[in-house]
Number of protein chains: 2
Amino acid sequence: MRADAKKNYDQLLATAREVFTEQGADASLRDIARRAEVGLGTLYRHFPTREALLEALLRSSFDALAAKARELESSGASDEALVSWLQETIAFTHEHRGVIAPMMGAIEDPESALHASCVMLRAAGASLLARAQADGNARADLDGSELFDLIAALAWLREQPSHAPRADRLFSVITDAVLVNRDA
Amino acid sequence: MRADAKKNYDQLLATAREVFTEQGADASLRDIARRAEVGLGTLYRHFPTREALLEALLRSSFDALAAKARELESSGASDEALVSWLQETIAFTHEHRGVIAPMMGAIEDPESALHASCVMLRAAGASLLARAQADGNARADLDGSELFDLIAALAWLREQPSHAPRADRLFSVITDAVLVNRDA
DNA sequence: ACCTGAACACCGTTCAAGT
DNA sequence: ACCTGAACACCGTTCAAGT
């Protein structure tokens with residue numbers, strides 16, 4: 001990449017991070033180009049879709065969540081491992097308001113720039129779920145897609161201001177539904 | 001209301017119903033005015049906000065859901081009553097794609113035209129939940145707001161195309177979480 | 001090889017001018 | 001009393017013209 005191109009690329013990413021943090025992942029791309037002091041066409045060539053920009057911005061976070069899952073797989077209790085990972089994943093989406101809707105769109109669209117990351121995330125969750133199920137700690141009749149749906153639902157809820165005071169409560173209601181209640 | 005005003009009002013509502021059904025509750029208001037063959041200003045005077053238009057369109061459905069809840073309250077099993085009502089409520093939102101987000105925004109915003117309907121819906125669910133709790137059929141540590149959150153989460157999931165094949169499964173996972181599992 | 005911004009086709013919302 | 005649509009301030013996306 002030419003030096004000036006690289007500079008624009010980096011500047012766009014840094015500005016996108018700022019603007020998405022302020023306004024959510026559906027912020028105006030025009031505004032990002034403007035604040036990055038870069039032509040609108042430059043943004044579109046580096047990042048042909050909003051998903052491509054999100055992917056470049058969030059790739060390392062996706063990787064970190066996948067790494068965390070691998071790490072947790074060889075940790076103590078399989079149910080606690082699953083719950084911690086769910087918590088971290090929800091926290092990640094919460095830090096990036098508006099990202100769960102494109103992720104949900106991307107998971108079954110191989111053309112989306114977010115597809116691979118979402119599939120990886122679903123697989124990471126599926127592994128932790130499988131271990132918990134093998135231990136008898138999680139409902140046997142759930143799969144990775146359903147876990148991903150539950151994550152998405154919780155993530156979307158957390159984006160709703162009216163839901164905020166109940167976010168932690170609902171998280172535990174849903175995780176209770178995933179885990180086998182060993183006190184029963 | 002003057003006769004011509006009434007005619008425009010009705011025409012707008014009928015067209016909005018069509019367009020929202022085709023494109024979801026976030027469809028273009030301009031498009032609705034155009035297809036209703038009415039000036040854009042006329043739409044805005046009759047319905048100052050998108051919420052006002054949705055409210056006029058859906059009021060009877062909200063009333064029907066509240067009536068259904070009252071009816072179910074004096075029916076057989078309290079757990080089955082709650083589940084049927086949840087099912088009908090989710091089906092309603094599914095018929096009106098895009099409506100759950102403004103509803104979630106309206107529930108804590110008294111200025112929203114959808115506020116009263118949403119509060120009514122939450123109260124209707126809360127009644128059925130309270131009866132199921134009194135019978136020992138539902139988790140005691142849930143309230144109407146949390147039930148509304150769960151409804152919203154399921155409704156949002158159902159709007160996601162990728163989720164479609166798992167909609168019924170996830171519904172039962174969530175209702176299992178609400179109901180006390182009497183086989184345990 | 002890369003950048004720019006005008007151009008196009010849309011929005012939501014307001015409001016002066018009309019009937 | 002009500003209606004209309006131009007006007008304004010935005011979008012996303014493309015692409016001819018520049019360096």
Side-chain angles (χ1 to χ4, degrees), chain A residues 1-57 97-99 101-103 105-106 109 111-114, chain B residues 1-57 97-99 101-103 105-106 109 111-114:
Chain A
M1 186 149 35
R2 231 165 62 177
D4 56 345
K6 167 80 175 148
K7 195 186 144 214
N8 282 335
Y9 182 92
D10 292 342
Q11 184 57 35
L12 279 166
L13 269 190
T15 308
R17 175 156 273 130
E18 264 181 44
V19 176
F20 284 157
T21 299
E22 282 172 25
Q23 308 176 23
D26 51 356
S28 158
L29 297 181
R30 238 195 179 80
D31 196 30
I32 291 171
R34 218 152 29 206
R35 284 168 60 165
E37 293 177 309
V38 150
L40 193 44
T42 304
L43 184 152
Y44 272 93
R45 195 165 22 73
H46 284 304
F47 309 103
T49 62
R50 184 182 296 272
E51 281 74 29
L53 180 51
L54 286 170
E55 205 274 335
L57 213 52
R97 187 164 37 99
V99 85
M103 283 174 63
D109 174 14
E111 301 307 304
S112 167
L114 283 171
Chain B
M1 188 151 32
R2 232 164 62 176
D4 55 344
K6 167 78 173 150
K7 196 187 144 212
N8 282 335
Y9 182 92
D10 292 342
Q11 183 57 35
L12 279 166
L13 269 190
T15 308
R17 175 156 273 130
E18 266 181 43
V19 176
F20 284 156
T21 299
E22 282 172 25
Q23 307 177 22
D26 51 356
S28 159
L29 297 181
R30 238 196 179 78
D31 195 30
I32 292 172
R34 220 154 25 210
R35 285 167 60 164
E37 293 178 310
V38 150
L40 193 44
T42 305
L43 184 153
Y44 272 92
R45 196 161 23 71
H46 283 305
F47 309 104
T49 62
R50 186 182 294 272
E51 281 73 30
L53 180 52
L54 285 169
E55 204 273 336
L57 214 53
R97 188 164 36 99
V99 85
M103 282 173 63
D109 174 14
E111 301 305 305
S112 166
L114 283 171

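Each chain gets a letter, A, B and so on, in the order its sequence line appears, and its residues count up from 1.
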From the set dC11(D), dT13(C), dC2(C), return the single nucleotide nearest to any side-chain atom of Asp4(A). dC2(C)
Name the closest nucleotide to the Asn8(B) side chain, picking from dT4(D), dC11(C), dT4(C). dT4(D)
Using a heavy-atom cut-off of under 4.0 Å over every strand shown, decide if Leu40(B) touches base, sugar-phosphate, or nothing. base
Is Ala27(A) touching bases, backbone alone, or none of the nucleic acid, heavy atoms closer than 4.0 Å? sugar-phosphate
Arg50(A) side-chain proximity, nearest of dG12(C), dT4(D), dG12(D): dG12(D)
Have a look at Ser28(A) and say if it touches a base, only the backbone sugar-phosphate, or nothing, with a 4.0 Å heavy-atom cut-off. sugar-phosphate
From the options dC3(C), dC2(D), dG12(C), select the nucleotide whose nearest atom is closest to the side chain of Thr42(A). dC3(C)
Hey, are Glu22(B) and Arg97(B) close enough for a salt bridge, meaning a charged N less than 4.0 Å from a carboxylate O? no
Can you find a side chain N or O atom of His46(B) that sits less than 4.0 Å from OP1 or OP2 on dC2(D)? no
Side chain of Arg34(A) only, please: which of dC2(D), dT4(C), dC11(D) is the nearest? dC11(D)
Which nucleotide sits closest to the side chain of Arg2(B): dG12(C), dA1(D), dT4(D)? dA1(D)
Pairing check on dC10(D): which nucleotide meets the Watson-Crick or G-U wobble criteria with it, both distances under 3.5 Å? none
Just name whichever nucleotide pairs with dA1(D), Watson-Crick or G-U, keeping both distances under 3.5 Å, else none. dT19(C)
Which part of the nucleic acid does Arg45(B) contact within heavy-atom distance under 4.0 Å: base, sugar-phosphate only, or nothing? base
